[in-house]
Amino acid sequence: MKVQERFSGILAHPTSFPSRYGIGDFGKGAYDFVDFLVNAGQKLWQVLPLGPTGYGDSPYQAFSAFAGQPLLISPELLIQDNLLAGPDFFKVPNFNPDHVDYGYVIPVKTELLKIAHQHFLLHYNTSLEADYEQFCKEEASWLDDYALFMAGKDAHGGAAWLEWNDDLRDPTPEVKAKWSNQLADSISYYKFIQFLFFRQWKQLREYANSKGIKIIGDIPIFVSMDSADVWANRELFLLDAKGYPLVVAGVPPDYFSATGQLWGNPLYDWDYHKKTNFDWWMKRIQGQLSFVDFLRIDHFRGFEAYFAIPYGETTALNGCWCKGPGADLFSRIQEVFGKHLPIWAEDLGIITEGVEKLRDDFNLPGMKVLQFAFSDLEDNDLLPHHFTTSNCICYTGTHDNPTTVGWYYEDLNPAQRDRLRRYLSTDGNCIHMDMIRTAMSSTANYCIFPIQDALGFGNDCRMNTPSVAAGNWGFRFRPTHLSNELEKQLKEMTLLYGRGEVVEKEEEPVEEIPSFSMELLESLKNKNSQG
């Protein structure tokens, strides 16, 4: 008999890992984190979107839905590939080990990556060259446009493509060919660093999988307006003749903001997607599932209905709900990827019966966030004793929430804190571990907690504050924070609540009771009479 799979794990974006380059990457800090997960008895590692970030450094606003974040490439691993050497590191300064300062990090790491590219061009490596050529061939469907788009941004001083004042703004095949020739060196660089990103990530994922760790990726439902996706595929979006969005994405007022959230992403032309059998979405999901084990889709409710805000609005107050693709899209996903989808639904926010039906019809696990359960004094279905299904993920908080310690001391009033302590049977002195224990002990198949909660950090270590433009996505931790004591605490808790290894139990043989024959009955009678 196979015991129900109950796994737990940690949400930690690679930018948060220790490294000497001002930002976490796929080097030693990442491998050490995987080892920590193993020693702590965890089975899951959740990351935020891994795409190349633009203005604001948000992983949810990337230059491409397919490309990887160059800042996550490990310079130390490039030494092993003979792409960097000691003298190349002389200008690397001493960075803040606790926070990513993107303004300082980006030029330093970009310079290292450009040196690596030059070494690749000057010092021929047969094996690396063959792998690179194979990568460019296999990923050409998105890589060619992405590399040209990024080279074009550089040629236009980093300006958004809507501000370009030449024919590259509205590319035809002929225009692309012309500019590809003019920007050949820059295009080569952008293709090469994508090759490095996917090469290093593949090695890291294989290491994690070999240790029994599954990785949960994350894709935003929407893409950035200033992205290769919109620039090269305008038919996919609701745009006017000049390429400007007719409406943009966001959400109405909610827990996070009294005026709603104005994200500004262009919205999809779902009629076009349906006519083309959702081909673009199939390619996007295929790309993600090729390098993660599970896929969390951010803002899942937008597939049932999305909030459309007229372009030019300064808040999300004047938007309206529009019907999404719904079951048509997910039926197509099942056709391509199979009935049992490795997809998690981020079903937070205003959830309707339609959203719940879409999620449940395709057997997708939804999210239960404990901070939301205890943020008021009312009974609600997010409290663990009200979970009606084990097919869900119980979180202490998400990347958008305050840390559990910060939430407890700064966000809750005395009555809320008192109710929480009574529910958890605790004095609150180690509230982050109490919340992790509650998530672990729930009936949810999956349990995830941010690394900040595991470490017991306050709101100065918060990953993101929605609707606040600056100061986000910078949290980092130090190697010493992943202590042996923390490993022991988490492992004991994990084993206690059955979130360790899945155990195969052999069914105990049932002793067969012989059927009574007349001869056996007579024999027993004789024995009794003689006794």
Any carboxylate oxygen within less than 4.0 angstrom of a Lys/Arg side-chain nitrogen, looking at [X] and [Y]?
{"X": "Lys153", "Y": "Asp226", "result": "yes"}
{"X": "Lys368", "Y": "Asp381", "result": "no"}
{"X": "Asp347", "Y": "Arg301", "result": "no"}
{"X": "Asp170", "Y": "Arg234", "result": "yes"}
{"X": "Asp361", "Y": "Arg359", "result": "no"}
{"X": "Arg332", "Y": "Asp328", "result": "no"}
{"X": "Glu304", "Y": "Lys323", "result": "yes"}

[X] side chain vs [Y] backbone, donor-acceptor pair below 3.5 Å:
{"X": "Gln42", "Y": "Ala40", "answer": "yes"}
{"X": "Gln200", "Y": "Ser74", "answer": "yes"}
{"X": "Arg419", "Y": "Asp376", "answer": "yes"}
{"X": "Ser16", "Y": "Ala12", "answer": "no"}
{"X": "Asn233", "Y": "Trp231", "answer": "no"}
{"X": "Arg6", "Y": "Ser442", "answer": "yes"}
{"X": "Asp240", "Y": "Gly243", "answer": "yes"}

Distance-only side-chain donor-acceptor flag, [X] / [Y], under 3.5 Å:
{"X": "Asn165", "Y": "His156", "result": "no"}
{"X": "Trp263", "Y": "Gln261", "result": "yes"}
{"X": "Tyr395", "Y": "Gln46", "result": "yes"}
{"X": "Glu139", "Y": "Trp142", "result": "yes"}
{"X": "Asn472", "Y": "Asp57", "result": "no"}
{"X": "Asn277", "Y": "Asp279", "result": "no"}

Does [X] have its ring centroid less than 6.0 Å away from the ring centroid of [Y]?
{"X": "Tyr268", "Y": "Phe237", "result": "yes"}
{"X": "Phe95", "Y": "Tyr104", "result": "no"}
{"X": "Phe33", "Y": "Trp45", "result": "yes"}
{"X": "Phe198", "Y": "Phe291", "result": "yes"}
{"X": "His299", "Y": "Tyr306", "result": "no"}
{"X": "His399", "Y": "Phe475", "result": "no"}
{"X": "Trp473", "Y": "Tyr102", "result": "no"}

pair [X]-[Y]: side-chain heavy atoms closer than 4.5 Å:
{"X": "Leu370", "Y": "Phe449", "value": "no"}
{"X": "Asp460", "Y": "Thr403", "value": "no"}
{"X": "Leu246", "Y": "Leu239", "value": "no"}
{"X": "Leu11", "Y": "Ile451", "value": "no"}
{"X": "Phe307", "Y": "Val248", "value": "no"}
{"X": "Met367", "Y": "Phe372", "value": "no"}
{"X": "Phe7", "Y": "Ile448", "value": "no"}
{"X": "Val468", "Y": "Asn464", "value": "no"}

Look up atom [atom1] in [X] and atom [atom2] in [Y], then write down how far apart they are to the nearest 0.5 Å.
{"X": "Tyr497", "Y": "Ser441", "atom1": "OH", "atom2": "OG", "result": "5.0 Å"}
{"X": "Leu37", "Y": "Glu487", "atom1": "CG", "atom2": "CD", "result": "9.5 Å"}
{"X": "Ile285", "Y": "Gln288", "atom1": "CD1", "atom2": "CD", "result": "9.0 Å"}
{"X": "Glu346", "Y": "Ile393", "atom1": "CD", "atom2": "CD1", "result": "10.0 Å"}
{"X": "Phe374", "Y": "Thr396", "atom1": "CZ", "atom2": "OG1", "result": "11.5 Å"}
{"X": "Glu313", "Y": "Leu262", "atom1": "CD", "atom2": "CG", "result": "8.5 Å"}

For residues [X] and [Y], report the shortest heavy-atom separation together with the two atoms involved.
{"X": "Asp229", "Y": "Ala65", "result": "OD2-N, 2.9 Å"}
{"X": "Leu71", "Y": "Lys109", "result": "O-NZ, 2.6 Å"}
{"X": "Val369", "Y": "Leu382", "result": "O-CD1, 4.2 Å"}
{"X": "Leu317", "Y": "Pro253", "result": "CD2-CG, 3.7 Å"}
{"X": "Thr389", "Y": "Cys392", "result": "O-SG, 3.5 Å"}
{"X": "Gly471", "Y": "His99", "result": "O-CE1, 4.3 Å"}

Applying the ring pair (Phe, Tyr, Trp, His ring centres under 6.0 Å) test to Trp281, which of Phe303, Phe330, Tyr272, Phe337 qualifies? Phe303
Using ring pair (Phe, Tyr, Trp, His ring centres under 6.0 Å), reason through His481 and Phe36 one step at a time and then give a plain yes or no. CA-CA 11 Å; His481 290 146; Phe36 169 80; over 10 Å; no
Under the side-chain contact (heavy atoms from CB on, under 4.5 Å) rule, what do Ile73 and Asp25 come out as? Steps first, then yes or no, please. CA-CA 6 Å; Ile73 297 171; Asp25 57 35; over 6 Å; no
Pick out which of His432, Arg421, Gln416 makes a side chain to side chain donor-acceptor pair (under 3.5 Å) with Tyr408. Arg421
Name the residue from Asn265, Asp298, Asp218, Asp400 that meets the side chain to side chain donor-acceptor pair (under 3.5 Å) definition with Tyr60.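 When side chain to side chain donor-acceptor pair (under 3.5 Å) is applied between Tyr60 and each of Asn265, Asp298, Asp218, Asp400, only Asp218 qualifies.
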Before you tell me yes or no, could you show the steps for Phe457 and Phe477 under ring pair (Phe, Tyr, Trp, His ring centres under 6.0 Å), namely the whole-Å CA-CA distance, both residues' side-chain angles and the distance that decides it to 0.1 Å? CA-CA 10 Å; Phe457 288 167; Phe477 61 86; 8.4 Å; no
Start with the C-alpha distance between Phe222 and Leu267, add both sets of side-chain angles, then the distance that settles side-chain contact (heavy atoms from CB on, under 4.5 Å), and finish with yes or no. CA-CA 7 Å; Phe222 302 119; Leu267 294 172; 3.5 Å; yes
